[in-house]
**Q** 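Take a look at this one; I'll ask things after.
Chain A is the first sequence line, chain B the second, and so forth, proteins listed ahead of strands; every chain is numbered from 1. We use all heavy atoms of the structure for the numbers below, so side chains are in, but hydrogens, waters and symmetry mates are not.
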Number of protein chains: 2
Amino acid sequence: MFSVSARTQYGIRALAYLARKPGWEAVGAEIAEAEDISPKYLEGILTRLAAAGLVRSERGKNGGYRLARAPDGVVMADVVAALDGEVRPVDCVDSLGICGHDTSCSSRKFWIGLKTAIDEYLGNRTLADIIENGADPGSAN
Amino acid sequence: MFSVSARTQYGIRALAYLARKPGWEAVGAEIAEAEDISPKYLEGILTRLAAAGLVRSERGKNGGYRLARAPDGVVMADVVAALDGEVRPVDCVDSLGICGHDTSCSSRKFWIGLKTAIDEYLGNRTLADIIENGADPGSAN
DNA sequence: TCTTTTTCCTATCGGTATAGTAGGATTATA
DNA sequence: TATAATCCTACTATACCGATAGGAAAAAGA
């Protein structure tokens, strides 16, 4: 339940690799080898991250990917959204009347509350927290 | 991302129906029709809920399902676990060394923190909160 | 200009889980 | 004994995911 896709896990590892890279120089296939990820698959992941503005891509020789901003500015909620989409436990969190059954659905608030809890966690963590070995900025735990 | 299966959504609706049933009498196919769920599919859902001890099943004529305890004793974390399994963002939340890559994985704490946040939310909500139209017992929101 | 190295785009494939269906065996009531 | 319900097993169709393949476009250096 609530398992995170390999895509997102790979993406975070790739971002962490870029963040640890001295001078944040542009790198490409090097990431796949270091992190033991299928190169071609990682390609698509980095493209998504670039489209979301989290990494900057440079084409051609000596090109590659570099972090678009400092690690403490890379919010994990954005990373997850870029790779696996917005947090949406049920479809009706956005638009009502999808199930066409109950206009005042009794469980909708429950799911919206869960989404809020998850968004809050992911919104308060950055890539910097991850590369500092999971230090937790939150008040809880 | 983090979408909830139809199985769990159906299950919660079925439980809410049982909770609203006067006297908590045993009912069966009636739920499927009222909640507009495929009867045969709902069957399997109720079996799971019964196996988890959340509902009590009675076979034979006049049989059916009834809530095993009062709605405020039915913790949503148990419901979700019964239908979709434990909350496990990544496999290594339980056992370390699965990826075989980094023994001190930098993102593990991050995912465990997420699991904790989700478990906390689901563990503090009961079926009673749902049928009271999503009243929120938590301090946040 | 030509070659190399890289990102980018599209298409495909196998595996797996999900949602739903089907048929019948078992159990209890009347 | 007939009926009505849960239980059990198997099947199908669909969709997504992880991964692969082949090439087009772009930028740098010779």
**Q** According to side-chain hydrogen bond (donor to acceptor under 3.5 Å, both in side chains), who are the partners of A/E86, at least two apart in sequence or on a separate chain?
**A**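 Scan of A/E86 (side-chain hydrogen bond (donor to acceptor under 3.5 Å, both in side chains), adjacent residues dropped) gives none.
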**Q** Starting at OH of A/Y10 and ending at C1' of D/dC17, how long is that distance when rounded to a whole Å?
**A**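 About 11 Å, once rounded to whole Å.
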**Q** Would you please name every residue forming a side-chain contact (heavy atoms from CB on, under 4.5 Å) with A/A68, sequence neighbours left out?
**A**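 Listed in chain order: A/R56.
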**Q** Under 4.0 Å between a side-chain nitrogen and a carboxylate oxygen: does that hold for A/R125 and A/D129?
**A**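 The answer is no: the pair does not qualify as a salt bridge.
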**Q** Write down the distance between CG (A/L42) and P (D/dA19), rounded to a whole number of angstrom.
**A**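 The answer, rounded to whole Å, is 11 Å.
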**Q** Restricting to salt bridge (Lys or Arg N to Asp or Glu O under 4.0 Å), what partner residues turn up for B/K40, sequence neighbours left out?
**A**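 Result, salt bridge (Lys or Arg N to Asp or Glu O under 4.0 Å) vs B/K40: B/E43.
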**Q** By side-chain hydrogen bond (donor to acceptor under 3.5 Å, both in side chains), which residues pair with B/Y10, not counting sequence neighbours?
**A**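 Applying side-chain hydrogen bond (donor to acceptor under 3.5 Å, both in side chains) to B/Y10 gives none.
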**Q** With the sugar-phosphate defined as primed atoms, P, OP1 and OP2, and the base as all remaining atoms, what B/S/- string results for nucleotides 5-16 of chain D, 5' to 3', for protein heavy atoms under 4.0 Å?
**A** SBBB--------
**Q** Mind checking side-chain contact (heavy atoms from CB on, under 4.5 Å) for B/M1 and listing every partner two or more places apart, or none if nothing turns up?
**A**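 Listed in chain order: A/V4, A/V80, A/D84.
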**Q** Using the heavy-atom set of chain B and a strict 4.0 Å cut-off, write down the first and last nucleotide of DNA chain C that makes it in, 5' to 3'.
**A**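 Endpoints of the contacted stretch of DNA chain C: C/dT18 to C/dA30.
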**Q** Checking B/A51 now: which residues fulfil side-chain contact (heavy atoms from CB on, under 4.5 Å) with it, not counting sequence neighbours?
**A**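 Scan of B/A51 (side-chain contact (heavy atoms from CB on, under 4.5 Å), adjacent residues dropped) gives none.
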**Q** Only counting residues at least two apart or in another chain, list the ones meeting side-chain contact (heavy atoms from CB on, under 4.5 Å) with A/A117.
**A**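 So A/A117 forms a side-chain contact (heavy atoms from CB on, under 4.5 Å) with B/Y121.
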